[in-house]
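Basis for what follows: all heavy atoms, side chains included, without hydrogens, waters or symmetry-related copies. Everything quoted here is computed from the prediction, not taken from an experiment.
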Amino acid sequence: MKNKIEFFFAAVFFFSLGFQSFPQGVENAEAKVKPFSISVTPFFSVDFAGQGEYVHHKDSDMVWSYLNWESYPLFNAGIGLDFSIFGVGVSASVKGAFPGACGKMEDSDWDNVHDSVDPGKYGGIKSRYTKSDNYLESSLDVRTRIFYDFHINKIFTLSPVIGFDFNHTAFVARGLDGSYSKKIGGYYRQWDDPAYSSAQYKDSSVDVITLVRNRFMTWFGFRWSVRMGKCFYTGVEWSMSPFCWMESLDSHILRSTLFYDLMQGFFQSVSAAFEIGWQFNSKNRLGFNVEYTYLGKIYGNTSSGAMYSKKVYPSSDSYAAADYSSLSITLSYTYIFL
């Protein structure tokens with residue numbers, strides 16, 4: 001995804017190789033593994049994310065339209081619950097982000113892909129570009145993990161992990177600044193060519209586009225954790241998503257048009273994280289976690305219709321795609337009941 005945080009994401013990926021929670025039932029380096037454990041973890045996180053929406057022309061596969069929704073920073077609060085018995089553990093968490101401003105939404109179109117004398121020659125010319133202020137309206141993230149801890153010795157633990165995620169986000173893009181080009185000589189000119197374009201502007205009080213996106217993902221991976229002395233621990237985790245399902249509903253308010261995309265993909269996403277923590281007694285610990293998630297392009301069908309009718313109809317000349325990436329930084333506190 002082409003936005004200004006992509007380089008930062010890529011750099012973090014090399015050292016953030018994933019960890020979710022310290023193996024349950026371990027009090028410190030001198031203690032034995034407890035057969036049964038329950039803990040609760042309130043946490044606060046900051047997310048830096050971006051997600052893209054694409055429309056491809058069916059005949060040429062060229063990109064017809066692209067919306068880049070920046071979503072950073074997002075400030076989240078959540079809670080997790082962990083349970084384990086004889087090494088088999090289940091963890092679940094839920095978090096939500098506080099509504100508010102979260103970057104920009106960029107809308108780009110390549111109209112020559114479907115409306116020019118020579119799409120192959122002129123299809124790469126961006127004919128429209130606008131930028132809006134992006135606002136988060138609602139967010140919900142629910143995660144479940146099932147794992148088994150292989151305690152290699154008192155220091156090292158290896159854990160295979162499977163997981164399921166559901167994520168919901170809703171955004172509204174407000175205001176608009178950019179330009180649309182004109183069709184001259186059988187094709188659209190470059191959007192920023194002053195001789196062939198017209199400026200587009202709406203102030204920030206005008207809602208331009210809304211996006212509601214739901215995503216379900218499955219995960220499989222491994223966790224490696226290390227105890228360092230009596231109180232400190234660290235760990236890494238790497239996971240891959242065998243299956244991802246996503247739906248997006250766009251309301252283009254200025255055009256009074258709805259777009260509904262339904263997509264799925266297999267083995268298109270990876271997640272990696274790193275955690276370090278301090279367990280200062282048998283009941284309490286603090287953790288710091290950095291997690292990077294990348295979802296490559298997944299594809300599916302797109303439909304559209306009038307907003308007033310709330311009905312959409314399958315497109316005959318285009319298909320949809322989407323991608324996503326995020327960096328999440330989390331500070332947590334865990335209380336161990338048993």
Side-chain angles (χ1 to χ4, degrees), residues 1-5 46-55 63-76 95-111 126-141 167-181 188 191-192 197-215 246-263 300-313 315 318 320-326:
M1 189 173 297
K2 296 181 180 179
N3 55 53
K4 60 187 177 182
I5 59 173
V46 181
D47 296 348
F48 302 84
Q51 41 199 329
E53 295 182 278
Y54 302 81
V55 177
V63 176
W64 183 344
S65 180
Y66 171 59
L67 276 70
N68 176 34
W69 297 81
E70 295 177 350
S71 45
Y72 56 86
L74 296 179
F75 298 96
N76 303 266
K95 75 175 183 179
F98 298 99
C102 57
K104 300 293 183 179
M105 191 284 291
E106 298 174 293
D107 186 357
S108 303
D109 292 303
W110 292 260
D111 291 303
K126 184 187 293 188
S127 55
R128 304 187 188 195
Y129 174 78
T130 58
K131 181 180 288 189
S132 304
D133 295 321
N134 191 26
Y135 294 85
L136 177 73
E137 293 197 310
S138 62
S139 171
L140 177 67
D141 187 87
N167 176 267
H168 160 85
T169 50
F171 300 97
V172 57
R174 295 184 176 131
L176 181 148
D177 190 16
S179 65
Y180 296 167
S181 71
Y188 289 89
W191 70 274
D192 57 355
S197 62
S198 58
Q200 304 292 315
Y201 177 79
K202 300 289 183 182
D203 66 40
S204 58
S205 66
V206 178
D207 290 354
V208 178
I209 302 176
T210 66
L211 169 66
V212 178
R213 175 172 280 187
N214 296 315
R215 184 176 70 247
M246 184 186 297
E247 65 174 356
S248 297
L249 178 65
D250 278 19
S251 299
H252 288 242
I253 298 169
L254 301 182
R255 298 165 54 188
S256 297
T257 305
L258 293 175
F259 293 91
Y260 177 72
D261 302 336
L262 185 61
M263 299 150 288
N301 299 318
T302 185
S303 304
S304 62
M307 286 181 62
Y308 69 86
S309 69
K310 297 184 179 179
K311 295 181 180 179
V312 293
Y313 303 92
S315 172
S318 61
D323 60 13
Y324 171 82
S325 61
S326 72

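- Between V212 and E247 the shortest side-chain heavy-atom distance does not fall below 4.5 Å.
- At a threshold of 4.5 Å between non-hydrogen side-chain atoms, the residues L67 and D250 count as touching.
- A distance-only check finds a donor-acceptor pair linking the side chain of S71 to the backbone of A49 [under 3.5 Å].
- Few gaps surround NZ on K126; more than 12 heavy atoms of other groups in view lie less than 6.0 Å from it.
- A distance-only check finds no donor-acceptor pair linking the side chain of N301 to the backbone of L262 [under 3.5 Å].
- Looking at heavy atoms from C-beta onward, P73 lies in side-chain contact with V46 at the 4.5 angstrom threshold.
- Within the model, atoms OH of Y308 and CG of L258 stand 11.0 Å from one another, a figure rounded to the nearest 0.5 Å.
- Within the 4.5 Å cutoff, side-chain heavy atoms of D47 are placed close to those of N76.
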Practice item. Just do the side-chain contact (heavy atoms from CB on, under 4.5 Å) check on I253 and V206 with the steps written out, would you? Key: CA-CA 9 Å; I253 298 169; V206 178; over 6 Å; no

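- At least one side-chain heavy atom of S248 sits under 4.5 Å from a side-chain heavy atom of M263.
- Under the side-chain hydrogen bond (donor to acceptor under 3.5 Å, both in side chains) criterion, R174 pairs with D207, not counting sequence neighbours.
- For Y180 and D109, the side-chain atoms include no donor-acceptor pair closer than 3.5 Å.
- From K311, atom NZ reaches atom OG of S303 across 14.0 Å, with rounding to the nearest 0.5 Å.
- Closest approach of S179 to T130, counting heavy atoms only: N-CG2, 4.4 Å.
- In this structure the side chain of D107 never reaches within 4.5 angstrom of the side chain of L176, judged on heavy atoms.
- Panel note: side chain S132, backbone G175; a donor-acceptor pair is recorded below 3.5 Å.
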Point to revise | side-chain contact (heavy atoms from CB on, under 4.5 Å) between R213 and E53, intermediate numbers included | key: CA-CA 10 Å; R213 175 172 280 187; E53 295 182 278; 3.3 Å; yes

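- Side-chain atoms of S318 never come within 3.5 Å of backbone atoms of S315 as a donor-acceptor pair (strictly under, hydrogens ignored).
- Aromatic ring pairs are classed by plane angle as parallel below 30°, tilted from 30° to 60° and perpendicular above 60°; the pair H252 and F259 is perpendicular.
- Counting heavy atoms from C-beta on, the side chains of W110 and V63 come closer than 4.5 Å.
- With a 4.5 Å cut-off on side-chain heavy atoms, Q51 and T169 count as touching.
- The backbone N or O of S127 sits less than 3.5 Å from a side-chain atom of S181, completing a donor-acceptor pair.
- The shortest non-hydrogen separation linking A322 to M246 is CB-SD, 3.7 Å.
- Atom CH2 of W69 is separated from atom CG of N134 by 5.5 Å, given to the nearest 0.5 angstrom.
- A distance-only check finds no donor-acceptor pair linking the side chain of N68 to the backbone of E106 [under 3.5 Å].
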